[in-house]
Amino acid sequence: MQETIKRYLKAKKALFDIYYSDLNENQRKSVYCVNNPLLILAGAGSGKTTVLVRRIAHIVKFGNAYYNDLVPYEVNEMHLTALERSVALPKEELENILSEFAFEQCPPWRILAITFTNKAANEIKERLAKQFPDEETARDIWTGTFHSICMRILRSHHEKIGYRAGFCVYSTDDTKSAMQKCMKELDFDEKIMPVKSVINAISKAKEKLQTPEMYEAEAGNNPKYQSIAKVYKLYQKSLLQSNALDFDDIIMQTVRLFRENKDVLKSYSDKFKYVCVDEYQDTNKAQFYLTEMLASSHRNLMVVGDDDQSIYKFRGATIENILQFDKNFSDATVIKLEQNYRSTKNILCAANEIINNNKERHPKMLWTENDMGSKIHIKQALNQTDEAKYIVNTIQKAVAENKYKYRDFAVLYRTNAQSNSLEATFVKSGVAYRILGGTRFSDRKEIRDVVAYLQLINNHDDKERLLRIINEPSRKIGAKTISVISEIAVEENKSMFEIIENADSYMALKNSSVRLLEFSALINYLTAYLNEHLLNELVEEMLIKSGYRQMLTDAGEEEKDRLLNIEEFVSGIMQYQSENEEPTLTGFLEQNSLVADVDRYDESADAVVMMTIHSSKGLEFPCVFLPGFEESIFPSEQSSHSDSELEEERRLAYVATTRAKKELFIIYAKDRLLFGRILCNKPSRFIEEIPNELKEEVPTENNMPRATTAKTYYSQKTISFSDLTINKQLFTKPQGVVERFSVGDHVSHITFGSGEIITVTTMGQDVLYEVIFDKVGTKKLMGNYAKLTKI
DNA sequence: ATGGGGCTGCTTTTT
DNA sequence: GCAGCCCCAT
C-alpha cells in the first residue's frame with residue numbers, strides 16, 4: 001500500500017510538472033506554494049506576471065493540490081498505470097485529469113490581486129481571462145490598483161467615515177487649488193511656503209497615516225511644521241465639506257475605516273482567502289498596513305517585488321516593506337526568479353553592471369539563455385535636435401529594411417519636458433508615434449472644465465469644481481460675489497451650492513441673485529436630465545445649455561482643437577458606456593480620475609511610443625532609445641547631492657535598460673537647450689558604468705574628430721572584462737548551497753568589506769542577516785544573494 | 001468684472 | 001521658452 005501511495009503522489013506531481021512545463025522550476029514552485037505567506041523576489045523580465053496569473057488560476061482550478069498527501073481510497077493498479085501514462089497527453093486533456101487532484105479550491109471572488117498601476121491591473125485581468133474557458137471566473141476575481149480596490153470598499157461604507165454617497169476624488173490639480181485656497185484663508189505667504197512643498201508634506205503625512213492632529217503634535221515648536229499642520233487641518237475640513245477625497249485619502253481613509261470598524265475589516269479579511277500584491281517594492285506604509293489587514297484572517301498573502309526596480313521612494317515607497325515581510329510572516333516562503341526571458345545577454349549584462357554600483361540592495365544576479373545580441377549603441381549627438389534626428393533616422397532605416405515595425409520602438413526619457421523637442425522632429429518625419437503622459441489629455445483646460453461640470457452634477461457639494469466653472473463661460477459672477485457666497489456658506493455650515501440655490505434670500509447677494517439662480521437652475525436641470533438620458537447625451541446638453549460650446553465656437557479657429565478634444569472625451573464616455581453593464585456618472589468619473597494616459601497605451605497600434613522611464617515600468621520593447629543620458633538630466637541635478645537619491649536614479653537607469661529586448665540605444669547630447677539656455681553636460685555616469693566591451697560607439701555622421709568625443713570620457717575608468725566577476729557568472733545558471741552563518745561570525749562582503757553578524761532571521765529558504773560592517777555600519781542582507789564569506 | 005501686459009519660475013518621477 | 005500668475009486699466 002505504501003508503494004501505491006508513493007506512486008500515486010509521484011504520478012500526480014509529474015503530471016503537474018508537465019502541465020506547467022512552460023515555466024521554470026522556481027516559477028512552478030511559486031505556483032504550487034499556495035498555503036502560506038509567499039515572497040517572490042523577481043528580477044526584471046523574469047516572468048513575475050506570468051507566475052502571479054498562473055498561481056491564481058491554479059488556486060481556482062486545483063487549490064492546494066500539489067503538496068497534499070491525499071490518495072483516494074479506491075486507487076488501484078489500473079488507475080495508477082493510466083495516470084502514469086497520461087504524461088504523454090496533450091495539455092487540454094491533462095487539465096481534465098488534474099482536476100481529479102483538486103483540493104480546497106478557492107472561488108474566484110475570494111481572491112484579491114492588487115497592483116500599482118491600472119496598466120498592470122488590466123494586463124492581469126486579460127491574462128486571467130485566458131486561463132478560464134468561461135468569462136465569469138476571471139471577472140469575479142478582485143483585480144485592481146490599490147486605489148480602485150479601496151474606492152470599491154469605500155463606496156460601500158462611506159457613511160462610516162463621514163462621507164456622503166457620490167463622494168468624488170480630487171485630481172492633483174484640484175488638490176493644488178484647494179490647498180491654495182486654504183493657505184490664502186490662513187494668510188500664509190506662498191513665497192515663504194510654496195504650495196508644492198505643503199502638498200508634498202501633507203501627502204507624506206498621509207502616506208504614514210498621520211492625521212492633522214498627529215502632525216500637529218509632532219510639529220512641536222517648529223513654526224514651519226505648525227503652519228503646515230494648520231493647513232492640513234483646514235484642508236481636510238474643506239475636503240469633507242466638498243465630499244471629496246484626494247489620492248492619499250483613498251488609502252488612508254480605508255485604513256481608518258478598518259481600524260475603527262473591526263466588523264467591516266473582518267468581513268473583508270474573512271472574504272479574501274488569498275491576497276496577492278504586485279510591485280511590492282513600490283508600496284508605502286499605508287499600503288503595507290492595508291495589505292496586512294486584508295490578509296489578516298487567512299494569511300495567504302503573496303507579494304512580488306524587486307528592490308532594484310523600486311523607483312517610487314520619492315513618493316513614500318519603502319523597501320522596508322519587503323524586509324518587514326518576514327517579521328510579520330515568519331513562516332513565509334521566499335522564492336527568487338532570476339532567469340530573464342526578455343533581453344539579450346549584452347543588454348542584461350549592461351543592466352547588471354549599472355545596478356551593481358548601488359550599495360543599498362540585495363546583491364542578486366539575473367541570467368539569461370538568450371543570445372548575446374548586439375552591443376549597446378552609444379551615440380553622441382550635437383544637440384537635442386540632432387538627437388531626435390538620429391532616433392528618427394535609425395527607426396526609418398530599420399523599418400525600410402523590414403527588420404522592425406514602428407511599434408517595436410520605444411523612446412524613454414527622464415522628464416516629460418524632453419518630449420517636446422523629440423515630438424517636433426517626429427512630426428516632420430512622418431514616423432507614426434504616440435506620446436504617453438506629458439501634458440495629459442485630462443489636464444487640458446477644456447477637458448477639466450467639462451469634467452468639472454460633470455463632477456458638480458454628480459456632487460453638488462464639490463466646491464472646487466463649482467468654483468472652476470461657475471463663471472466659465474462668463475456669467476458675470478466675479479470674485480466679489482464668490483467670496484460673499486463662500487463666507488455665508490462657512491457661517492451657515494452649508495455648501496456653496498446651497499447658498500447659490502437660495503441666493504434671493506440673502507441681501508448681500510441682491511445684485512447677482514438672478515444670475516446665481518440661473519446657474520443653480522442649470523445644474524439642477526442637468527442633474528435631472530441625467531435620469532432620463534445617457535451620459536454622452538448629458539454632455540451634449542451641458543455643452544449647449546451652459547453656453548460652453550458657443551463660447552468655443554465664438555473663439556474661432558484658435559479654439560478648434562478644444563472642440564475636437566471634447567469630441568474625443570465624449571467618445572471616451574461612449575466607450576465607457578459600452579464596456580460597462582451599468583454605466584453611471586459616478587462610475588465614469590471615478591474611472592476617469594483614477595486612470596492615467598499610460599493605461600490607454602494600445603500595443604496593437606503601429607506607432608513608436610514615447611513616455612517617461614517611470615511609466616515604462618512593466619513594459620518591454622524590441623528596441624529602446626534612451627535620449628538625454630547627460631549628467632544633471634539623468635541623473636537629475638537635484639538628485640546628485642544625495643547618495644540615496646542617486647541610487648534611485650540608478651535604479652531608474654536599470655529599469656530603462658531592462659525594457660529592451662534586442663537593441664538598446666543610449667544617446668547623449670553635447671549641447672542641450674533647456675529653459676532657453678544652452679547646457680553642456682558631461683555624458684551620464686550611467687554610460688560610464690557600462691563596461692566598454694558591451695558598448696559600441698555610433699560614429700558621428702560627418703566624422704568629427706574623435707579626440708573630443710565620448711572616448712575620452714570612457715577612458716577615465718577602464719574596466720577589463722576579466723575583472724567582471726558578475727559577467728562571467730552571468731552565462732551560467734548559479735546554483736549550489738550557500739554557506740550559513742550565525743550571530744558573532746566575522747564575514748566579508750564584496751562591496752561592504754568586513755563585518756560581524758548581529759542578527760540572523762530565517763525567511764523561508766533564505767536567511768536575513770543584519771551585519772555591522774567596519775566601514776559602512778549596519779546593513780540587512782539576504783543570505784542567498786549577499787555572497788558573504790567567513791573570515 | 002474682464003482682459004491685457006509683463007513678470008516669474010519651472011521640470012523629476014504618479015495613483 | 002513658455003505657462004500661469006499678478007496687477008492694473010478699462
Side-chain angles (χ1 to χ4, degrees), chain A residues 114-121 144-151 169-173 175-177 180 190-191 194-196 199-200 203 206-207 245-252 279 282-284 286-287 310-317 384 412-421 424 436-440 442-445 470-483 511-512 515 590-599 611-618 628 632-640 645-646 648-649 651-653 655-656 672-679:
Chain A
I114 311 176
T115 64
F116 227 70
T117 62
N118 294 295
K119 167 94 193 127
T145 61
F146 272 101
H147 292 84
S148 72
I149 298 278
C150 287
M151 280 303 276
V169 179
Y170 272 3
S171 72
T172 322
D173 298 88
T175 299
K176 191 179 164 200
S177 54
Q180 256 165 340
E190 255 196 64
K191 298 252 158 53
V195 206
K196 256 189 91 176
I199 291 175
N200 236 317
S203 173
K206 288 183 175 181
E207 278 158 9
L245 297 171
D246 66 18
F247 280 128
D248 302 308
D249 275 335
I250 296 176
I251 313 289
M252 184 172 168
E279 306 279 15
D282 288 335
T283 53
N284 60 38
Q287 289 160 335
S310 154
I311 52 173
Y312 289 109
K313 280 228 171 94
F314 73 93
R315 112 183 154 187
Q384 73 281 353
L412 311 177
Y413 33 78
R414 177 70 245 266
T415 67
N416 277 308
Q418 288 169 259
S419 67
N420 294 332
S421 60
L436 303 179
T439 352
R440 295 172 191 208
S442 48
D443 281 348
R444 284 163 210 244
K445 187 188 172 303
I470 189 165
N471 206 29
E472 192 75 36
S474 170
R475 295 187 179 88
K476 308 242 181 283
I477 302 171
K480 191 80 213 302
T481 314
I482 286 165
S483 75
N511 293 328
S512 47
R515 280 161 279 150
E590 184 172 315
Q591 177 181 312
N592 189 256
S593 59
L594 295 180
V595 169
D597 283 5
V598 188
D599 304 320
M611 67 183 100
T612 62
I613 300 169
H614 278 90
S615 313
S616 76
K617 197 165 80 161
S632 94
I633 293 187
F634 193 22
S636 76
E637 173 63 33
Q638 48 271 75
S639 66
S640 63
E645 283 179 57
L646 260 173
E648 177 134 327
E649 294 284 300
R651 288 192 293 274
L652 200 52
V655 168
R672 182 173 298 273
L673 189 68
L674 206 71
F675 302 127
R677 312 199 141 268
I678 292 176
L679 303 172

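Computed over heavy atoms, backbone and side chain alike; hydrogens, waters and symmetry mates excluded. Just so it is clear: chains get the letters A, B, ... in the order the sequence lines come, proteins before strands, and each one is counted from 1.
Looking at the side chain of A:N471, the nearest of the listed nucleotides B:dA1, B:dT14, B:dT2 is B:dT2. If you check B:dT2, B:dT15, B:dT13 against the side chain of A:S474, the one that comes closest is B:dT2. When distances run from any side-chain atom of A:F247 to the nucleotides B:dA1, B:dT15, B:dT13, the shortest one goes to B:dT15. Comparing B:dT2, B:dT15, B:dT13 by their closest approach to the side chain of A:T117 singles out B:dT15. Side-chain proximity of A:T145 to the nucleotides B:dT2, B:dT14, B:dT15 is greatest for B:dT15.
A:D248 comes within 4.0 angstrom of nothing in the nucleic acid, heavy atoms only. Counting any heavy atom pair closer than 4.0 Å across all strands shown, A:S593 reaches no nucleic acid atom. Using a 4.0 Å heavy-atom cutoff across all strands shown, A:T481 reaches sugar-phosphate atoms only and no base atom. Contact annotation for A:F146: no contact, since no heavy-atom pair falls under 4.0 Å across all strands.
Residues A:T283 and A:F146 form a side-chain contact, since some pair of their non-hydrogen atoms from C-beta on lies under 4.5 Å apart. A 4.5 Å side-chain heavy-atom check between A:V655 and A:I311 finds at least one atom pair inside the cut-off.
Rounded to the nearest 0.5 Å, atoms CZ (A:R651) and OG (A:S310) are 4.5 Å apart.
Side-chain nitrogen and oxygen atoms of A:T172 include none within less than 4.0 Å of the OP1 or OP2 phosphate oxygen of B:dT15. Neither OP1 nor OP2 of B:dT15 sits under 4.0 Å from any side-chain N or O of A:S148.
Distance A:K196 NZ to B:dT8 P: 19 Å, rounded to the nearest Å.
Residues A:S615 and A:T612 bring a donor and an acceptor atom of their side chains to less than 3.5 Å of each other.
If A:R515 and A:F116 are placed on DNA chain B by their nearest nucleotide, the residue sitting closer to the 5' end is A:R515.
Using a 30° and 60° split on the angle between ring planes, A:Y312 and A:H614 fall in the tilted class, from 30° to 60°.
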Short N/O separations, protein against nucleotides 2-5 of chain C, under 3.5 angstrom:
none

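With hydrogens and angles ignored, a donor-acceptor pair under 3.5 angstrom links the side chain of A:R414 to the base of B:dT13.
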